[in-house]
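Worksheet: the structure to be examined is printed underneath.
Throughout, protein chains are lettered first and strands after them, A, B, ... in sequence-line order, and every chain is numbered starting at 1. Atom set for the values below is all heavy atoms of this structure, side chains included, hydrogens, waters and symmetry mates excluded.
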2 protein chains.
Amino acid sequence: MTDTRATILVVEDEPEIRRFLRSALGTEGYKVVEAGSVKRGAIDAASHKPDLAIVDLGLPDGEGIELIRQVRAWSPMPLIVLSARAGEAGKIAALDAGANDYVIKPFGIGELLARVRSALRGVVRPSGGGHTLKLGGTAIDLDARTASRDGTPIHLTPIEYRLLTCLARNTGMVVTQGQLLREVWGPAHESDTHYLRIYAKQLRDKLEPDPLQPRYLVTETGIGYRLFCD
Amino acid sequence: MTDTRATILVVEDEPEIRRFLRSALGTEGYKVVEAGSVKRGAIDAASHKPDLAIVDLGLPDGEGIELIRQVRAWSPMPLIVLSARAGEAGKIAALDAGANDYVIKPFGIGELLARVRSALRGVVRPSGGGHTLKLGGTAIDLDARTASRDGTPIHLTPIEYRLLTCLARNTGMVVTQGQLLREVWGPAHESDTHYLRIYAKQLRDKLEPDPLQPRYLVTETGIGYRLFCD
DNA sequence: GATTGGCGTAAAGACGGCGTAAAGATTTGC
DNA sequence: GCAAATCTTTACGCCGTCTTTACGCCAATC
C-alpha cells in the first residue's frame, strides 16, 4: 500500500497557490492533476480517479462544498478542504458533506503534506469489485454512476444518486433521517424530513419492481430508511 | 453509521475538558470510555476496542504521541489528536505517527463532532460479536436494528426498540421502572408505569416463544423488568 | 373473605409521520 | 435567451404508532 505514485487532484483557482501545491506535491513524488472550477473538478475526479483530492472552497463557479457532495456520491476517496474561512459553521458543513479534513489558509506546507500522507494511509486502491448493487431486476454501478433495469438504462438525478449511495454504504442497516439529510442536503436542512419522503418515492418509482410494495428501499418509521440488496 | 452507538475512547487528563467531551459525545448517542493517562489509554483501547479515539497530547505520564504509535501498531481505528500546541512540527509528528486528525485547543464542539462523524464515516464496525441477542428462536441485531424469528423478520416500533435496547444493555440484571421510563419516554413520564406494561406485552408478543409464560422478558414486581438471553 | 395495589389485556381515539400529487422556483443545457 | 430538467415548496389523505381509557386477574394485606 505504498503511495509512491498516488494521484492527487488539486481544485483551486488561484494560480499562485496552484503552482505552490503542484511543486510541493510533485517533489513528494505524487502525480498531480489540476482543475480550476467545480465543473472541471467533477469531470477530472471522474475521469482520472485520483487517490485523493484537495479542494478549495472559494471557486469561481460555485462552492467547493458542492463538488464534495458530487464526488462523495460515487467515491470514498479522501477529500481535503482548503479554505480561507475559519468559521465553525463552514467547517461543519464541509465535513458533513463528506470532506475528510479541513485546512485553513494560510497553511504550512509541511502540515498539509502530513495531512495528505495521513489521509492516503490505509486507503485501499480501487480493486474493482464491490461497487455494484443488485436489486431484483435493477443493477446499479456506483463507480460508473449508472443504473439499469432489465438491461434498459435508468436515469438518476444528482440528489437521487447521493441519497442512494448514502444508503448503499450501509446496506441492510438503518440510516437515520438526520444522517441522510446532513450528507445529502447539508446540516442546514437537517430537519427538512419531507425531502426524504419525496426522493424516497422517486427512487422507489425508478428502482423497485413494485413501487407500491417496497422490497429494497424500506422505511423505518420515525427513524430513517434502509436499503436491502440481493 | 453511521449511527448506531459507536464507542469513543477519550484520553484526556484535564477533568473539565473530559466532562465537556463526555457530555457532548453522550448526547450525540456515542458510548464514551475515558482514560486519564497514556498507560490507561493503551489498556482501554485494547480492551474496549473503541471505534474511534480522541487523544490529548499533553498527558501526565508521557506524550500522547507515544500512545498513538502503540495503538497504530495493532489497530487502524481513527485517532483524533487534541492539543494546545499549534506548532507545525508537532502536528506533522502526530499525523505521521498515525493520527488521522489534529485539533487545536480551544476547539468548537460543533467542529469536533463534525470531525468525529467524518472520521467515523466509512469505518466498518466489527459486526457479529456482542451486539446480537439470541432469545430462543428469535435473534436481535442491535447494530442493524433488525429482529427475526426463525428466519422471518419482525418489525419493531421505535419505542419498542428503545425499550428493548435499554433492557439489553443490562442483560440478566433488573432495570428499574424509573430508569426505563426516563430513558425511553423522558423524565417527564417517570411515573407513567402503565406504559411499561403495555409495551412489555407487545415485546413479549413479538419476541417470546410463548407470550403467556415469559421466559426472556421477566417482570420483577414492584421493581422493574429483566431481560435474559441464551 | 373482602380490599387494595400492581400487573396483564384489550380496544378506541388522537396524533404525527409517511406517501402522494402538483404547482412554483431554480438550475441546466442547447 | 429559451426550453427542459431538476429541485423546492405547498397541500392533503391515509395509516401506523402512541396515548388514553377501561376492565379482569392475581397476590398480599388486614
Side-chain angles (χ1 to χ4, degrees), chain A residues 37-40 42-43 60-63 65-67 69-70 73 145 147 153-164 174-178 180-181 184-186 188-208 210-226, chain B residues 145 153-164 174-178 180-181 183-186 188-208 210-226:
Chain A
S37 66
V38 169
K39 194 171 290 186
R40 286 295 320 166
I43 295 171
D61 64 337
E63 282 295 316
I65 206 170
E66 193 45 46
L67 176 58
R69 290 214 181 84
Q70 286 181 33
R145 292 185 62 122
I154 304 174
H155 175 69
L156 294 178
T157 73
I159 285 193
E160 286 166 4
Y161 258 112
R162 270 183 261 159
L163 187 59
L164 181 62
V174 180
V175 187
T176 65
Q177 308 184 13
L180 292 170
L181 288 164
V184 178
W185 282 272
H189 298 82
E190 197 166 351
S191 46
D192 293 335
T193 57
H194 55 286
Y195 286 1
L196 289 177
R197 291 197 287 277
I198 294 169
Y199 280 88
K201 171 177 168 54
Q202 294 186 5
L203 278 181
R204 284 203 256 248
D205 284 344
K206 292 185 178 180
L207 303 178
E208 290 275 357
D210 180 7
L212 292 176
Q213 284 177 344
R215 251 191 73 192
Y216 299 100
L217 180 45
V218 180
T219 134
E220 297 289 329
T221 308
I223 307 294
Y225 290 83
R226 181 202 308 260
Chain B
R145 226 193 149 85
I154 303 175
H155 177 67
L156 295 178
T157 73
I159 285 193
E160 285 166 4
Y161 196 84
R162 263 184 287 170
L163 186 60
L164 182 62
V174 182
V175 188
T176 66
Q177 305 184 358
L180 292 170
L181 287 164
E183 285 203 36
V184 178
W185 281 272
H189 298 82
E190 198 166 352
S191 46
D192 293 335
T193 57
H194 55 287
Y195 286 0
L196 288 177
R197 292 197 284 280
I198 294 169
Y199 280 89
K201 171 177 169 52
Q202 293 187 4
L203 278 181
R204 285 202 257 248
D205 283 345
K206 292 185 178 180
L207 304 178
E208 290 274 359
D210 180 7
L212 293 175
Q213 285 176 346
R215 250 190 74 192
Y216 300 100
L217 180 45
V218 180
T219 131
E220 298 288 330
T221 307
I223 310 292
Y225 291 83
R226 182 203 305 258

Between [options], which one does the side chain of [X] approach most closely?
X	options	value
B/Y199	D/dC18, D/dT6, D/dT17	D/dC18
B/K201	C/dA10, C/dC7, C/dA21	C/dA10
B/T157	C/dT20, C/dC7, D/dT17	D/dT17
B/T219	D/dT20, C/dG8, C/dG19	C/dG8
A/P158	C/dG19, D/dT6, D/dT17	D/dT6
A/I159	D/dT10, D/dC7, C/dG17	D/dC7
B/Y195	D/dT19, D/dC7, C/dG8	D/dT19
A/H194	D/dT10, C/dC18, C/dT9	D/dT10
A/L212	D/dT19, D/dC18, C/dT20	C/dT20

Is [X] touching bases, backbone alone, or none of the nucleic acid, heavy atoms closer than 4.0 Å?
X	result
A/Y225	sugar-phosphate
A/H189	nothing
A/T193	nothing
B/Q202	nothing
A/L196	nothing

Less than 4.0 Å between a side-chain N and a carboxylate O, is that true for B/E160 and B/R204?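 Between B/E160 and B/R204 there is no salt bridge, as every charged N stays at least 4.0 Å from the carboxylate O atoms.
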
Is it true that a side-chain atom of A/R226 and a backbone atom of A/V218 form a donor plus acceptor pair closer than 3.5 Å?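 A pair under 3.5 Å: no.
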
Spell out, as yes or no, whether a donor-acceptor pair under 3.5 Å connects the side chain of A/D210 to the backbone of A/L212.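 Yes; judged by distance alone, with no hydrogens or angles, the pair exists.
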
Return the OH to CG distance between A/Y225 and A/L217, rounded to the nearest 0.5 Å.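 Those atoms lie 7.5 Å apart.
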
Within the pair B/H155 and D/dT17, is there a side-chain N or O less than 4.0 Å away from OP1 or OP2?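 Yes, B/H155 has a side-chain N/O under 4.0 Å of OP1/OP2 on D/dT17.
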
Interatomic distance where CD1 belongs to A/I198 and P belongs to C/dG19 [whole Å]: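 Value for this atom pair: 11 Å.
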
What's the CZ-C1' distance between A/R162 and D/dT8, to the nearest Å?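 One finds 14 Å between C1' of D/dT8 and CZ of A/R162, rounded.
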
Applying the side chain to side chain contact (heavy atoms under 4.5 Å, CB included) test to A/I159, which of A/I198, A/V184, A/L203, A/L164 qualifies?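 Exactly one option meets the side chain to side chain contact (heavy atoms under 4.5 Å, CB included) with A/I159, and it is A/V184.
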
